[in-house]
Student: 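Quick one: the structure is below, and I'll ask about it shortly.
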Number of protein chains: 2
Amino acid sequence: MTTADAPSLPHPLPDELVELIARRFRVIGEPMRIKLLDQLRLGEATVLALTDAVGASQQNVSKHLGVLHDAGIVARRKEGTQVYYRVVDAGVFELCETVCGSVQRQVAELNAIFEGAGR
Amino acid sequence: MTTADAPSLPHPLPDELVELIARRFRVIGEPMRIKLLDQLRLGEATVLALTDAVGASQQNVSKHLGVLHDAGIVARRKEGTQVYYRVVDAGVFELCETVCGSVQRQVAELNAIFEGAGR
DNA sequence: ACTATACACAACTCTGTGCTTGTAGAAGGT
DNA sequence: ACCTTCTACAAGCACAGAGTTGTGTATAGT
């Protein structure tokens, strides 16, 4: 438990694990779901609040939240007619930060090319 | 470079950045590409070697490598008729390890349920 | 020069999936 | 009881993308 890091994954990654990893990446690889997770970074929120925040239809938001829920990334809490969603796997934020780092680095490289060639 | 960490991403994530992040996740979210990256973890390799390693057609491997190359994750080095690919963005390994951690944790939870209910 | 090898590109097919529309179910207000 | 609100589910449509087939290009060997 305390040593969940430094896994040193097996070298020929088994096919089933590859499939699980790929599925997970695909779950996070949708703009709408990233927006929802970004909103949930501020804390739990209702479907209605998320719908207003991301500017999509209620059905669409509900569907995407269902995908995130099935993937075990978010959890539901029902209260009256409203359902509150929250992130239970904080690893997704780490993932987004890592990706952001790569993207920013690439953009910086492109920028350097323009600066070097432009003047 | 020195401050590439602790990004504390802006809270309403801009749409364009969301799109870039999602695209990146989708690039990595394919089993074949994960297998290729897993092989490239051992060092640079030719298309033929990767083709044999993952058990796919040469065209398919070449296509996936092209996607990884366009995404800036791998780089090419031509030598004679052969092309050597290598990973230039080590962040992908960090991503895979993070995802593996989440997957393993979920599997452990399911396992605990079976152990708790089975006996 | 000719042939073989290694890789990449283009066109095509097909599966997967995201979005919309419509609707059903649950809970609260009147 | 009735109606409204909030959420989830189902069917249909459309597009993105993964895989195959065929071919073009470059390099090495003879």
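Naming convention: chains lettered A, B, ... in sequence-line order (proteins, then strands); numbering from 1 in each chain.
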Student: Rounded to whole angstrom units, what separation is found between the OH atom of B/Tyr84 and the C1' atom of D/dA26?
Tutor: 16 Å
Student: Hey, does B/Arg23 reach any base, or is it just sugar-phosphate, or nothing, if we go heavy atoms under 4.0 Å?
Tutor: nothing
Student: With a 3.5 Å distance limit and no angle check, can you tell me whether B/Arg33 reaches the backbone of B/Leu65 through a side-chain donor-acceptor pair?
Tutor: no
Student: Among D/dT27, C/dG18, C/dA8, which is the nearest nucleotide to the side chain of B/Thr81?
Tutor: D/dT27
Student: CD of B/Gln59 versus C1' of C/dC9: gap in Å, rounded?
Tutor: 10 Å
Student: To the nearest Å, give me how far apart CZ (B/Phe25) and P (C/dG18) are.
Tutor: 15 Å
Student: What is the distance from CG of A/Asn60 to P of C/dC19, rounded to the nearest Å?
Tutor: 4 Å
Student: Between C/dA8, D/dT20, C/dT20, spot the one nearest the side chain of A/Ser57, thanks.
Tutor: C/dT20
Student: With a 4.0 Å cutoff (strictly under), does any side-chain N or O of A/His64 reach OP1 or OP2 of C/dT17?
Tutor: no
Student: Does A/Ser62 have a side-chain nitrogen or oxygen under 4.0 Å from the phosphate oxygens OP1 or OP2 of D/dA8?
Tutor: yes
Student: Which nucleotide in the set D/dT20, C/dC19, D/dT7 lies at the smallest distance from any side-chain heavy atom of A/Lys63?
Tutor: C/dC19
Student: Check whether the side chain of B/Gln58 and the base of C/dA6 form a donor-acceptor pair under 3.5 Å.
Tutor: no
Student: Tell me which nucleotide among D/dA18, D/dC9, C/dA8 gets nearest to the side chain of B/Arg33.
Tutor: D/dA18
Student: Give a yes or no on this: more than 12 heavy atoms of other residues, nucleotides or ligands lie within 6.0 Å of atom CD of A/Glu16.
Tutor: no
Student: From D/dT7, C/dA8, D/dA26, pick the nucleotide closest to the side chain of B/Lys78?
Tutor: D/dA26
Student: Compute whether any side-chain donor of one residue and acceptor of the other, for B/Tyr84 and B/Arg76, lie under 3.5 angstrom apart.
Tutor: no
Student: Determine whether any donor atom in the side chain of A/Gln82 lies under 3.5 Å from an acceptor atom in the base of C/dA27, or the reverse, and answer yes or no.
Tutor: no
